[in-house]
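The first residue in the sequence is number 1, and the count goes up from there. In this text the structure is predicted, and so the values were computed from the model without any measurement.
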Amino acid sequence: HEIGSVPLSVSISPNPFTTHLTITPNLKPQTSNPKPETTITLFDITGKEILRTKANGDITTLNTEGIAAGLYFVRVESVNGISNFKVVKQ
């Protein structure tokens with residue numbers, strides 16, 4: 001499947017965060033795949049990948065305890081599209 005270019009409807013909380021970050025994608029079910037796989041990637045301000053995980057369109061909680069305070073970017077990708085978010089670790 002090709003990743004679409006339309007923005008995804010995604011909720012990220014809390015922001016700012018401390019020990020965890022919860023990502024809730026609102027994905028459209030596909031006929032052949034009722035829960036499309038999503039890839040969630042956390043990048044630092046320089047664009048370096050800090051964390052990557054795969055989810056099946058469900059709520060995903062990232063453990064961010066070992067990450068330094070600062071500004072980060074979250075990218076959520078699926079066959080439905082892609083969205084990027086700015087988040088702050090306190």
Side-chain angles (χ1 to χ4, degrees):
H1 289 296
E2 200 172 294
I3 293 178
S5 60
V6 294
L8 296 174
S9 173
V10 178
S11 167
I12 296 185
S13 64
N15 189 15
F17 64 98
T18 53
T19 60
H20 70 279
L21 193 58
T22 301
I23 294 99
T24 309
N26 181 14
L27 303 176
K28 293 180 199 158
Q30 308 264 317
T31 311
S32 60
N33 185 2
K35 288 196 172 185
E37 181 178 271
T38 56
T39 301
I40 299 164
T41 312
L42 183 70
F43 299 95
D44 69 11
I45 193 80
T46 68
K48 179 183 171 191
E49 184 178 304
I50 303 299
L51 195 147
R52 177 186 293 250
T53 189
K54 295 200 181 284
N56 288 323
D58 292 324
I59 295 171
T60 302
T61 300
L62 304 179
N63 180 343
T64 57
E65 287 184 270
I67 297 171
L71 180 64
Y72 293 88
F73 298 94
V74 175
R75 176 182 292 154
V76 181
E77 301 174 64
S78 85
V79 293
N80 291 329
I82 185 169
S83 284
N84 294 290
F85 302 90
K86 192 184 318 182
V87 294
V88 176
K89 165 82 186 259
Q90 289 187 327

(request) State, yes or no, whether a side-chain contact exists between T39 and K54 at a heavy-atom distance under 4.5 Å. (result)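 Side chain of T39 against side chain of K54, heavy atoms only: contact under 4.5 Å found.
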
Let me confirm one number: the [atom1]-[atom2] distance from [X] to [Y], rounded to the nearest 0.5 Å.
X: L51; Y: D44; atom1: CG; atom2: CG; value: 12.0 Å
X: N15; Y: T22; atom1: CG; atom2: OG1; value: 11.5 Å
X: L21; Y: F85; atom1: CG; atom2: CZ; value: 10.5 Å
X: T38; Y: I23; atom1: OG1; atom2: CD1; value: 9.0 Å
X: L71; Y: I45; atom1: CG; atom2: CD1; value: 4.0 Å
X: E77; Y: I40; atom1: CD; atom2: CD1; value: 10.5 Å

(message) Set out, in order, the CA-CA distance, both residues' side-chain angles and the distance that settles side-chain contact (heavy atoms from CB on, under 4.5 Å) for L42 and Y72, then state yes or no.
(response) CA-CA 7 Å; L42 183 70; Y72 293 88; 3.7 Å; yes

(request) Would you kindly confirm whether F43 and I50 end up in one hydrophobic cluster when ILVMFWY residues are joined by side chain heavy atoms under 4.5 Å apart? (result)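 In one cluster with F43: I50, no.
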
(message) Show the nearest heavy-atom pair for residues K89 and T18, with the distance to one decimal.
(response)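 Answer, listing the atom of K89 first, then T18: CE-O, 2.6 Å.
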
